[in-house]
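Right, one structure below, let's go through it.
Quick note on labels: first sequence line is chain A, next is B, and so on, each numbered from 1.
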Amino acid sequence: MTDRDTAFADYFAARSDAMRRTAYLLCGDWHRAEDLVQVAFTKLYLAWKRIAQREAMDAYARQTLVRTFLSERRLGWFRKENVAGEHADTVLNTAIPGHGPEDRMVLQEALKRVPPGQRAVLVLRYWEDMSVDQTAQVLKCSTGTVKSQAARGLQTLRDLLTDQMTPTFDRKRTR
Amino acid sequence: MNEQELRDGLRDTMAASSPPPSMNPTEALDTAKRAHKRRRATWAGLGAGATVVALAAGTVFALTPSGESLPIDAATGGVPTHGNGPVDTTKTTWPNNQPDRTQHNGPQADKAAGVLATLKAALPDTLKVDENLTHQGSGNKVTMSQAQFANYYGPGNQQQAWEYAAVVSLTRAAAPNGGHGHVIVQVNPPGNEGSSSTDVCTLASAFWSSEGPCQTRVVQGKTVGVTTKGERASLDNVAAYRYEDGTVVWVAQSKDASSSQSTGSMSQPPLTADQLAQLALNPAFKVK
């Protein structure tokens, strides 16, 4: 095994779980999330010599993950392949801490129904805790677009949650 | 649902999720190496193809003396790159090789722990801190502290701005079974982009999108902004005070437990608005 292979395997072991969680929030399916992570890390491996710093690797992998997700959504590939996406994971995830099982399931379901572009902004801004500027860099768009997409995404979520079932959905800071 | 509520919702959701076992690094490496071999083979093929295309283009150029550009990229079929160019290494990155904003161990985490200790010590005897109440699913304790990197600032963006937060779960000392509330303190030292306003009501209202009406109160000759609960707000009150050097201290409270455990909520917020404002002025919160 070459030095690059060893470093890649170590890096994958350290970061793939976190990347997979982000991918899961984007696509709503653990199996598809793993595919996205594999694609992102494969591209990282191909670009390994150009990326020397650990921070740059994180940024590159995250950027590739999100763009791959959006690209596949645009191509319609995901819709065709996601035959199990609506079932296993949501059935398992029925216990939202702090607010009962139905609230958690509703949030996941609602997020999956937010348009992919808005969803990507929401995940980067509020899961990855990225700034508006950083989000704009990852998505290759203006900061104004990020702000408007975030606002629309939040509004879409509010509408979906109101329509579905949680009149008292009221999250608290728990970090 | 506001921004903070979504942020918390996502974290709680993932904390209690049931992911499959971790992916295998060896399999990931094998897949990556196979892709590497394919790409090398593709580039070799493209190199041969490019020679043919160049010859063809030269021929066509000879037939189009006007010099109009020709769609060579389309002719080659293109290489699927998914838009991944070289990485911009000028982006903000987490300091100290952190994987995210939060420092779990180290000097910044210690400062956050200091804010928590100060908060506990400053609470009136009528309240009792519950150290054991946890968030269902994640198992994280409600009473906690957190240091988060905020941004770089100063000449050459060399200085780090952090924010320090502490949360305490509370019961009434006289009625420990009468439900839980919680109090939050957040301290933003100078340089933090999230606290650049000099207006204490703007600062108070911005804290977790409090959205409620705000009034200023003069306590000990100092002006503190205090909000009351807005329609969508999860907090009953937020008090904000800004020091002359730019340090901002927020103290917020809720009569709700911030936990799914069946402890119930307090009938009233833990502190009065005046007590909250006084707490915001506690100089021990001014982290350096």
Side-chain angles (χ1 to χ4, degrees), chain A residues 5 8-10 12-13 15-18 20-21 24-25 30 34 37-38 41-43 45-47 50-51 53-56 58-60 63-64 67-68 71 92-93 95-100 104 107-108 122-123 126-127 129 131 133-134 137 140 154 157-158 161 169-175, chain B residues 1-20 22-23 25-26 28-29 31-33 35-36 39 82-84 86-89 91-94 97 99-102 135-138 140 142 144 146 148 151 165 167 182 184 193 208 234 254 256 258-260:
Chain A
D5 292 352
F8 175 85
D10 290 344
F12 185 92
R15 299 294 296 139
S16 59
D17 279 348
R20 191 173 59 166
R21 287 194 288 271
Y24 174 71
L25 286 175
W30 283 115
E34 292 193 350
V37 169
Q38 180 65 66
F41 273 89
T42 296
K43 290 179 178 176
Y45 181 85
L46 298 176
R50 287 191 284 126
I51 308 169
Q53 295 179 321
R54 168 70 174 264
E55 292 83 359
D58 286 347
Y60 186 91
Q63 177 176 292
T64 306
R67 290 185 186 174
T68 302
S71 174
L92 286 171
N93 297 331
I96 185 169
H99 299 275
R104 177 161 176 246
L107 177 60
Q108 281 186 298
L122 294 180
V123 170
Y126 306 118
W127 168 251
D129 270 342
S131 69
D133 286 342
Q134 290 170 322
Q137 285 175 333
K140 273 196 171 177
L154 274 171
L157 266 183
R158 283 189 200 110
L161 292 169
F169 192 92
D170 187 20
R171 311 289 313 146
K172 310 295 188 300
R173 180 178 174 123
T174 57
R175 286 181 295 155
Chain B
M1 171 180 280
N2 60 33
E3 294 177 350
Q4 189 58 45
E5 288 166 354
L6 173 58
R7 189 173 280 126
D8 294 339
L10 293 175
R11 273 154 182 64
D12 283 354
T13 297
M14 295 310 296
S17 64
S18 304
S22 294
M23 297 170 70
T26 305
L29 177 61
T31 302
K33 288 171 79 171
H36 190 223
R39 189 170 79 159
H82 297 283
N84 296 306
V87 172
D88 178 2
T89 54
K91 290 180 193 173
T92 299
T93 53
W94 310 132
N97 293 321
D100 54 32
R101 285 189 184 279
T102 301
H135 297 286
Q136 189 177 0
S138 68
N140 294 330
V142 176
M144 50 80 79
Q146 183 181 46
Q148 287 196 105
N151 54 268
V167 184
H182 67 281
I184 306 159
E193 293 172 353
W208 295 15
S234 58
S254 172
D256 292 332
S258 186
S259 167
S260 62

Contacting moiety of [X], where chain B heavy atoms sit under 4.5 Å:
| X | result |
| --- | --- |
| A:Ala13 | both |
| A:Tyr126 | both |
| A:Leu154 | side chain |

Parallel, tilted or perpendicular: which fits the ring planes of A:Tyr24 and A:Trp30, with parallel below 30° and perpendicular above 60°?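 A:Tyr24 and A:Trp30: parallel rings.
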Just how far is it from atom CE of B:Met23 to atom CD of A:Gln38, taken to the nearest 0.5 Å? 5.5 Å
Is there a donor-acceptor pair closer than 3.5 Å between any side-chain N or O of B:Arg7 and the backbone N or O of A:Trp127? no
Between A:Arg20 and A:Asp17 (salt bridge meaning N to carboxylate O under 4.0 Å), is one present in this structure? yes
